[in-house]
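We name chains A, B, ... by the order of the sequence lines, and we start the count at 1 in each one.
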Amino acid sequence: MSRLDQSFFARDTVTVARSLLGQVLVHESAEGRAAGRIVEAEAYSGWDDRASHGHRGRTPRNAVMFGPVGFSYVYFIYGRYWMLNVIAKPPGVEYPAAVLLRALEPLSGLELMANRRSGRPQKEWTSGPGRLTLALGIDETHNQLDLTAADSPLYFEDGGSTDSLQINSGPRVGLGTVPEPWKSRPWRFWIADNAYVSRG
DNA sequence: ATGTTGATTGGCT
DNA sequence: GCCAATCAACATT
């Protein structure tokens, strides 16, 4: 298995969000290695996307969204949870964009994940954006890392052929007061009938 | 300086 | 199904 490189992320943001399904997210920490298959992701793209942190322009928090592809954007939300994104957009553009990883299917490091998720059932380990960062031990120290670097402890592995995957799409989750048409953009993708998708 | 809100989750009714 | 938790970022004063 090989690491996904910059060419994977240097494409249309929505295409990358869809293409990440079936790929594998790996985190190697001092506690051990944990990995999961990506089963749900969302695209946030462009100056005009009112759902995106980037739409008001560059700030200290979202600066990485304006930078090179393949980098991580990790932010804190609701006073509790870390959200993991990866920057993806075509070559040569300067608009803000990122893909939010919303759910994984646990593959390896199951004991480690069980410990990090303190006695919860396996279905709840990684079935949500806040849950998966807890299960993999991802926090603010993982912001702004080059996930395509050969020595990065956090990276994506090629998950093999995704031709047979049945992929569904729909509006992004949790947008609340975001106006139309952005609120309804079908920029959320998930693997059909997968038990670890945050919402079927 | 102060007020509001949020790309969520888990516990309780 | 509903709502509190909990705080940094950002907007407004």
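Proximity of A/Arg117 to the phosphate of B/dG10: a side-chain N or O atom is located under 4.0 Å from OP1 or OP2. The shortest distance between the side-chain N/O atoms of A/Thr177 and the OP1/OP2 oxygens of B/dG6 is below 4.0 Å. Proximity of A/Arg120 to the phosphate of B/dG10: a side-chain N or O atom is located under 4.0 Å from OP1 or OP2. A/His53 has no side-chain polar atom (N or O) that falls below the 4.0 Å cut-off from OP1 or OP2 of C/dA9. Checking the phosphate oxygens (OP1, OP2) of C/dA8, no side-chain nitrogen or oxygen of A/Arg61 falls inside 4.0 Å. Between A/Arg188 and B/dA7, a side-chain N or O to OP1/OP2 separation shorter than 4.0 Å is absent.
In the set B/dG10, B/dA7, C/dC10, B/dA7 carries the atom at the smallest distance from any side-chain atom of A/Ser52. Ranking B/dT9, B/dA7, B/dT8 by closeness to the A/Arg131 side chain, first place goes to B/dT9. Closest to the side chain of A/Thr59, out of C/dC7, B/dG10, C/dC10, is C/dC10. Closest contact between the side chain of A/Arg56 and the listed nucleotides B/dA7, C/dA8, C/dC10 involves C/dC10. Here the side chain of A/Tyr44 is nearest to one of B/dT9, C/dC10, B/dA7, namely B/dA7.
Distance CD/A/Glu28 to OH/A/Tyr155: 3.5 Å, rounded to 0.5 Å. From A/Thr126, atom OG1 reaches atom CG of A/Leu101 across 11.5 Å, with rounding to the nearest 0.5 Å. Separation of atoms CG (A/Leu132) and NE2 (A/His27) is listed at 12.5 Å; rounding is to 0.5 Å.
Rounded to a whole angstrom, the distance from the P atom of C/dA4 to that of B/dT4 is 16 Å. B/dT5 and C/dC3 have their C1' atoms separated by 16 Å, with the value rounded to a whole Å.
Both A/Leu154 and A/Ile38 sit in one connected hydrophobic cluster of ILVMFWY residues. Membership requires side-chain heavy atoms under 4.5 Å apart, directly or through other members. There is a path of hydrophobic side-chain contacts, each under 4.5 Å, that joins A/Leu110 to A/Tyr196.
Less than 6.0 angstrom separates the ring centroid of A/Phe9 from the ring centroid of A/Phe156. The distance between the ring centers of A/Trp182 and A/Tyr44 does not fall below 6.0 angstrom.
Spacing between atom OH of A/Tyr75 and atom C1' of C/dC10 amounts to 15 Å, rounded to whole angstrom units. The OH-P distance, from A/Tyr196 to B/dT9, rounds to 16 Å in whole Å. Between the CG atom of A/Leu132 and the C1' atom of B/dT8 there is a distance of 12 Å, rounded to whole Å. Counting to the nearest Å, the P atom of C/dC7 and the CH2 atom of A/Trp82 are 12 Å from each other. As a whole-Å value, the separation of A/Asn143 CG from C/dA8 P is 15 Å. Here the P atom of nucleotide B/dA7 and the NE2 atom of A/His55 are 11 Å apart, to the nearest Å. We find that CE of A/Met65 is positioned 11 Å from P of B/dA7, with the value rounded to whole Å. Computed from coordinates, the A/Leu101 CG to B/dT8 P distance equals 13 Å when rounded to whole Å.
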Each base of DNA chain C marked ( ) or [ ] if paired in-strand (Watson-Crick or G-U under 3.5 Å), | if paired to another strand and . if unpaired gives |||||.||||||.

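Using cut-offs of 30° and 60° for the angle between ring planes, the A/Tyr75 and A/His53 rings count as perpendicular.
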Protein and nucleotides 3-6 of chain C: nitrogen or oxygen contacts under 3.5 angstrom:
| residue | atom | partner | partner atom | Å |
| --- | --- | --- | --- | --- |
| C/dA5 | O4' | A/Arg80 | NH2 | 3.0 |
| C/dA5 | O3' | A/Arg80 | NH2 | 3.1 |
| C/dA5 | N3 | A/Arg80 | NE | 3.2 |
| C/dA5 | N3 | A/Arg80 | NH2 | 3.4 |
| C/dT6 | O2 | A/Tyr78 | O | 2.4 |

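A/Glu42 has a carboxylate O that lies under 4.0 Å from a charged side-chain N of A/Arg102, or vice versa, which qualifies the two as a salt bridge. Taking a cutoff of 4.0 Å between a charged side-chain nitrogen and a carboxylate oxygen, A/Arg33 and A/Glu157 qualify as a salt bridge.
Take the nearest nucleotide of DNA chain B for A/Leu134 and for A/Gly54: the residue whose nucleotide is more 5' is A/Gly54.
Under the 4.5 Å side-chain criterion, counting only non-hydrogen atoms from C-beta, A/Leu104 is in contact with A/Leu136.
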